[in-house]
Amino acid sequence: MKNQILRMLPGAVALLASGAAIADELNMRVGVTDISRQVYDLHMTIFYICVAIGVVVFGVLFWSVFRHRKSLGAVPATFHESTKMELAWTIVPTLILIVMAIPATKVLVAMYDTGGEDMNIEVRGYQWKWQYKYLDEDYNNSFSFFSNLATPKSQIKNRSVKTDNYLLEVDEHLRIPINRKVRFLVTSEDVIHAWWVPDFGIKRDAVPGMLNELWAIVEEPGIYRGQCTELCGKDHGFMPIVVEAMPEAEFDAWYATKVSSEVVRQESMTKTFTHDELMVQGEGIYGTYCSSCHMANGEGVPPVFPAIAGSTVAMGPRDDHLSLVINGVAGSAMQAFGKQLDAVQLASVVHYQRHAFGNDAGDISQPQDVINLSNGQ
Amino acid sequence: MSEVIHADHHDDHAHGPAKGMLRWLYTTNHKDIGTLYLWFSFAMFLIGGVMALVIRTELFQPGLQFIEPEFFNQMTTNHGLIMVFGAIMPAFVGLANWLIPMQVGAPDMALPRMNNLSFWILPFAFSMMISTLFMEGGGPNFGWTFYAPLSTTYAPDSVTYFIFAVHLMGASSIMGSINIIATILNMRAPGMTLMKMPMFVWTWLITAYLLIAVMPVLAGAVTMMLFDIHFNTSFFNAAGGGDPVMFQHIFWFFGHPEVYIMILPAFGIVSHIIPTFARKQLFGYTSMVYAVASIAFLSFIVWAHHMFTVGMPLAGQLFFMYSTMLIAVPTGVKVFNWISTMWRGSMTFETPMLFAIAFVVLFTIGGLSGLMLAITPADYQYHDTYFVVAHFHYVLVPGALFSIIAAVYFWIPKWTGKMYDESLGKLHFWLSFIGVNVTFFPQHFSGLAGMPRRIPDYALQFADFNMISSIGAFIFGFSQVFFLYVLIKTIRSGAPAKGRSWEGAKGLEWTLPSPAPYHSFTYPPEVKNEEVHG
């Protein structure tokens with residue numbers, strides 16, 4: 001008998017483990033910050049209270065449904081009011097609500113304890129990507145990058161097999177150190193988005209013209225995924241958030257390389273590039289930023305997305321072409337890329353467009369040209 | 001001369017409806033207009049339902065299979081707008097038209113011509129709104145809450161038609177409400193004091209005041225949108241010194257009372273059905289009236305719980321959390337009173353009673369998840385996920401909608417003089433009950449696991465629950481087509497109904513023959529004590 005139970009034990013453990021795996025799909029995540037754990041505990045407390053209320057209320061209701069039936073010969077009673085009962089079921093729920101409100105208030109106050117942060121990151125929502133800007137104490141060392149969906153179109157369109165992190169993968173993770181208080185300043189460039197990392201227990205709307213504060217002290221290294229949670233237009237479902245929490249030393253090393261490459265990037269603004277350099281760089285940028293509308297072959301999808309191949313813009317004056325890309329076209333899907341790309345990137349992508357797809361403008365675009373244009377010269 | 005013609009016409013009316021289709025265009029009769037409202041809302045319900053099925057079809061599996069994200073957003077937006085403004089609200093107004101004059105002992109509504117106008121605005125408003133789907137650039141795609149600047153600077157050109165449609169719907173609702181208030185306050189039979197009014201009349205009186213209070217606020221919001229779009233103002237445009245968050249405050253100052261507009265009349269309906277089939281007087285009538293009034297008051301001071309993630313100061317978050325939690329108290333009182341009404345009654349379970357009991361149970365589940373959503377720190381994790389979708393569908397589908405279906409089964413013998421087929425009604429109930437739970441219960445889980453709402457495609461861990469949800473949606477959708485069949489069968493070949501169609505039915509409407517005469521009470525009836533609080 002005892003042996004039998006022992007033999008069943010591994011099975012039972014496996015069952016429990018799979019139960020836990022299912023629980024992950026069924027319930028809120030516990031998360032990896034002190035706040036997220038407090039939120040989870042609060043959620044479970046309120047949930048159990050609600051279940052208890054449900055059991056009592058539905059218990060009485062179904063008892064009545066099964067017992068007080070005409071078919072069982074029930075004769076209706078005549079009572080129809082009781083001030084004592086009414087008072088009881090007004091006061092008791094109020095007391096239960098107070099019991100719920102106390103821990104809820106505590107957690108909320110703890111969440112609002114901003115300040116004392118070790119570093120600041122600006123989170124900026126765009127249609128439909130996130131931009132992360134590390135605000136270094138030395139302003140010149142601040143650097144930023146975009147985090148775009150990395151799931152290929154072929155998976156979304158069911159032409160290839162969907163991989164594990166389908167729709168939850170980006171080209172560049174937001175990296176943060178563990179055990180440090182990171183403050184996120186959330187805002188938006190266009191419409192309202194919402195930045196949510198379930199494992200940190202934090203979510204805040206990204207509102208244009210407003211700067212919202214959030215913070216997290218992540219305790220375990222790992223990759224944490226979330227999604228935009230405010231309807232922001234066509235690709236609302238396609239702008240995930242991926243945060244990589246790294247051990248402090250590893251993070252510091254990464255941060256240092258980012259800062260130094262930022263210095264290099266700044267210096268490159270004054271550089272003069274050759275045709276070939278611009279073409280190589282431009283092709284990459286075209287693939288990331290332009291090809292989803294104007295197509296990889298530059299043919300576009302007229303009339304909504306005009307062709308670049310043989311277009312009057314790509315064959316016309318260079319500065320007009322540059323300023324169109326910098327400022328966008330009001331009232332159309334053409335965005336103002338001046339805020340998203342730097343001078344080197346803008347110069348190279350425009351140069352590429354003017355010399356690819358059979359276009360041959362025969363001129364050259366340099367970062368300095370972009371800077372001059374932006375400065376209104 | 002014209003006076004003579006007028007008098008002739010009037011005589012004609014006293015004997016019954018005009019002949020032919022024009023009857024429906026010209027009618028000022030509360031029953032005809034009630035019928036128009038009910039069929040209109042049913043048509044809208046089917047259109048909105050088809051949109052829901054388009055959504056659920058796309059979400060059956062991860063990946064984009066059938067529609068593009070842009071069209072998906074138009075579907076979610078129009079599904080919400082049509083169900084709220086086209087299905088639920090007009091259905092309640094239709095029920096009010098049919099029932100209030102009969103329940104207060106009046107011949108008709110107080111303002112019959114305005115009644116005609118407030119109905120006939122609606123088909124035009126909705127035709128205009130739905131027609132935007134076929135325009136270049138598509139229809140509304142910014143969610144039924146149409147948050148700026150997505151609905152202003154970034155909206156499709158058709159948004160102007162949407163704004164005009166909302167204005168028309170608002171005008172219709174305000175006129176309907178004025179009519180209901182005028183009828184209730186002026187046309188009650190002698191002896192029917194306010195505290196002897198049937199619960200459905202009470203809940204509608206309060207609902208009508210809510211409508212008059214908030215529909216102009218909605219009109220203000222869309223007018224500001226119109227100005228931002230066409231006249232270069234910047235109410236909601238941060239770049240011009242405006243504030244997108246202000247839009248949300250204005251919208252939800254309308255929107256939260258709106259939520260109760262869609263549930264208070266349901267409370268009234270259930271307060272008629274449960275006593276009838278328990279064969280026992282409604283428990284705690286007075287506290288039921290006070291509870292509805294408290295809910296209506298609280299509905300004005302909780303709006304920002306829809307905006308917990310928008311970035312309000314701590315004091316604001318705490319205020320709206322506490323005030324929202326308070327709503328649980330009067331709502332609880334109502335549930336406890338219904339159960340006490342059932343307690344030691346002598347119950348039978350005809351179709352209206354089944355729907356009413358399902359209402360109490362499933363609405364309470366929706367109420368409990370609402371209580372969870374009120375807890376601000378936890379709400380950060382629930383906000384804009386499928387947990388919210390599950391919550392509000394539990395209060396609106398097995399809540400508001402089930403009460404409307406229950407009301408149709410309950411009063412259709414009075415309206416048509418014919419009884420529906422009980423076994424078909426029960427089949428309809430069980431299909432709907434299973435369908436609604438299979439659709440919406442799993443959405444609690446996908447929401448807690450982190451699935452955002454309003455997305456056309458989702459990560460792989462949400463696949464199972466979405467598939468179940470889609471299957472449930474089709475069961476539910478087709479069982480409502482079956483409802484249409486049950487209704488038509490009743491109207492064409494139902495068994496004759498008695499004046500008092502249900503053994504335990506109380507109230508003035510049951511003292512009339514079935515079908516009720518065209519001008520319900522030509523002389524004020526006597527209000528007997530045993531007929532009140534039905």
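Because the structure is predicted, anything quoted here is derived from the model rather than measured. Chain letters run A, B, ... following the sequence lines, proteins first, then strands; residues in each count from 1.
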Where is the tightest heavy-atom contact between B/L371 and A/C50, given as atom of each residue plus distance? CD2-SG, 4.2 Å

Between A/H43, A/H68, A/Q227, which has the largest tally of heavy atom pairs under 4.5 Å with chain B? A/H68

With the side chain counted from C-beta on, respond yes when A/E81 and B/Y285 share a heavy-atom pair under 4.5 Å apart, and no when they do not. no

Counting heavy-atom pairs under 4.5 Å with chain B, the top scorer among A/L97, A/V39, A/N165, A/T151 is A/L97

Name the member of A/F79, A/Y166, A/F58, A/W89 that forms the most heavy-atom pairs with chain B at distances under 4.5 Å. A/W89

With only heavy atoms counted, which part of A/I91 is less than 4.5 Å from chain B, the side chain, the backbone, both or neither? neither

Part of A/V92 lying under 4.5 Å from any heavy atom of chain B: neither

Sort A/L108 into side chain, backbone, both or neither according to what part of it lies under 4.5 angstrom from a heavy atom of chain B. both

Options A/V107, A/I46, A/N158, ranked by heavy-atom pairs under 4.5 Å with chain B, top entry: A/N158

Shortest non-hydrogen contact between B/G345 and A/A74, atoms and distance: O-CB, 3.6 Å

Looking at A/A104, A/C228, A/A110, which one has more heavy-atom pairs under 4.5 Å with chain B than the rest? A/A104

Of all heavy-atom pairs linking A/A101 and B/Y322, the shortest is CB-CE2, 3.9 Å

Can you tell which of B/G332, B/G367, B/A148, B/S340 has the highest number of heavy-atom pairs within less than 4.5 Å of chain A? B/S340

Name the option with the most non-hydrogen atom pairs under 4.5 Å to chain B; the candidates are A/M85, A/Q127, A/Q38. A/Q127

I need the minimum non-hydrogen distance between A/V191 and B/P149, along with the two atoms involved. CA-CG, 3.9 Å

Would you say A/T229's side chain and B/P452's backbone share a donor-acceptor pair under 3.5 angstrom? no

Go through the steps for B/T385 and A/W196 under the test side chain to side chain contact (heavy atoms under 4.5 Å, CB included), then give the verdict. CA-CA 11 Å; B/T385 68; A/W196 180 33; 3.6 Å; yes

Would you mind checking which part of B/D457 comes under 4.5 Å of any heavy atom in chain A, side chain (CB onward), backbone (N, CA, C, O), both or neither? both

What part of A/A194 is in contact with chain B, defined as an atom under 4.5 angstrom from a non-hydrogen atom: side chain, backbone, both or neither? neither

Got a salt bridge between A/K234 and B/E68, using NZ or NE/NH1/NH2 to carboxylate O under 4.0 Å? no

Locate the shortest heavy-atom distance separating B/S346 from A/P76; write the atom from each residue and the value. CB-CD, 3.5 Å

Please flag which part of A/V75 lies under 4.5 Å from any non-hydrogen atom of chain B: side chain, backbone, both or neither. backbone

So what's closer than 4.5 Å to chain B heavy atoms on A/L42: side chain, backbone, both or neither? side chain

What part of B/Y147 is in contact with chain A, defined as an atom under 4.5 angstrom from a non-hydrogen atom: side chain, backbone, both or neither? side chain

Largest heavy-atom contact set with chain A, pairs under 4.5 Å, which of B/P330, B/A459, B/G504: B/A459

Check each atom of B/M321 against the heavy atoms of chain A and say whether the ones under 4.5 Å are side chain, backbone, both or neither. side chain

Between B/N337 and chain A, which part of the residue has a heavy atom less than 4.5 Å away: side chain, backbone, both or neither? both

Could you grab the distance from atom CD of A/E86 to atom OH of B/Y290, nearest 0.5 Å is fine? 11.5 Å

Under a 4.5 Å heavy-atom cutoff, which of B/I455, B/V245, B/L150 has the most pairs with chain A? B/L150

Any heavy-atom pair between the side chains of A/N27 and B/F445 that's under 4.5 Å? no

Would you indicate whether the side-chain heavy atoms of A/R204 and B/F308 approach each other to under 4.5 Å? no

4.5 Å side-chain heavy-atom contact, B/T348 and A/S71: no

Rounded to the nearest 0.5 Å, the CG atom of A/L231 sits from the OG1 atom of B/T145 at a distance of 7.5 Å

Report which part of A/M210 has an atom under 4.5 Å of a heavy atom belonging to chain B: side chain, backbone, both, or neither. side chain

Structural part of B/P62 lying under 4.5 Å from a heavy atom of chain A: both

A/K203 side chain to B/H383 backbone, donor-acceptor under 3.5 Å: yes

Polar side-chain atom of B/N73 near backbone of A/G233 as donor-acceptor pair, under 3.5 Å: yes

Which pair of non-hydrogen atoms, one from A/S82 and one from B/F283, has the smallest distance, and what is that distance? N-CZ, 3.7 Å

Interface check, chain A: of B/A378, B/P69, B/P377, most non-hydrogen pairs under 4.5 Å belong to B/P377

Between B/A278 and chain A, with a heavy-atom cut-off of 4.5 Å, which part of the residue counts as in contact: side chain, backbone, both or neither? backbone

Identify which part of B/Q248 has an atom lying under 4.5 Å from any heavy atom of chain A, answering side chain, backbone, both or neither. side chain

Is it the backbone or the side chain of A/S36 that comes under 4.5 Å from a heavy atom of chain B, or both, or neither? neither

Determine whether B/L368 and A/F47 make a side-chain contact, defined as any pair of heavy atoms from C-beta on separated by less than 4.5 Å. no

Please classify the contact of B/F349 with chain A as side chain, backbone, both or neither, using a heavy-atom distance under 4.5 Å. side chain

Which atoms of B/A374 come close to chain A, meaning under 4.5 Å heavy atom to heavy atom: side chain ones, backbone ones, both, or neither? neither

Scored by heavy-atom pairs under 4.5 Å with chain A, the best of B/K280, B/R453, B/H444 is B/K280

First locate atom OH of B/Y154, then atom CD1 of A/I192, and finally report the distance between them rounded to the nearest 0.5 Å. 11.0 Å

Is any side-chain heavy atom of A/S64 closer than 4.5 Å to one of B/M347? yes

Which region of B/F336, side chain (C-beta onward) or backbone (N, CA, C, O), has a non-hydrogen atom less than 4.5 Å from a non-hydrogen atom of chain A, or is it both or neither? both

Between atom CD of A/E230 and atom OG1 of B/T309, what is the distance when rounded to the nearest 0.5 Å? 7.0 Å

Determine, step by step, whether B/R279 and A/K70 satisfy the side chain to side chain contact (heavy atoms under 4.5 Å, CB included) criterion, reporting the C-alpha distance in whole Å, the side-chain angles of both residues, the deciding distance to 0.1 Å, and the verdict. CA-CA 9 Å; B/R279 292 165 181 76; A/K70 197 185 179 197; 3.9 Å; yes

B/Q381 and A/Y40 side chains, donor-acceptor separation under 3.5 Å: no

Contact check, side chains of A/Y112 and B/L318, non-hydrogen atoms, under 4.5 Å: no

In the structure I gave you, are the side-chain heavy atoms of B/L282 and A/H80 within less than 4.5 Å of one another anywhere? no

Criterion side chain to side chain contact (heavy atoms under 4.5 Å, CB included) on B/M342 and A/L61, from CA distance to verdict: CA-CA 8 Å; B/M342 292 162 68; A/L61 187 148; 4.0 Å; yes

Turns out that what part of B/Q74 lies under 4.5 Å from chain A's heavy atoms comes down to neither

Between A/V57 and B/I339, does the side chain to side chain contact (heavy atoms under 4.5 Å, CB included) criterion hold? Intermediate values first, please. CA-CA 8 Å; A/V57 172; B/I339 295 175; 3.4 Å; yes

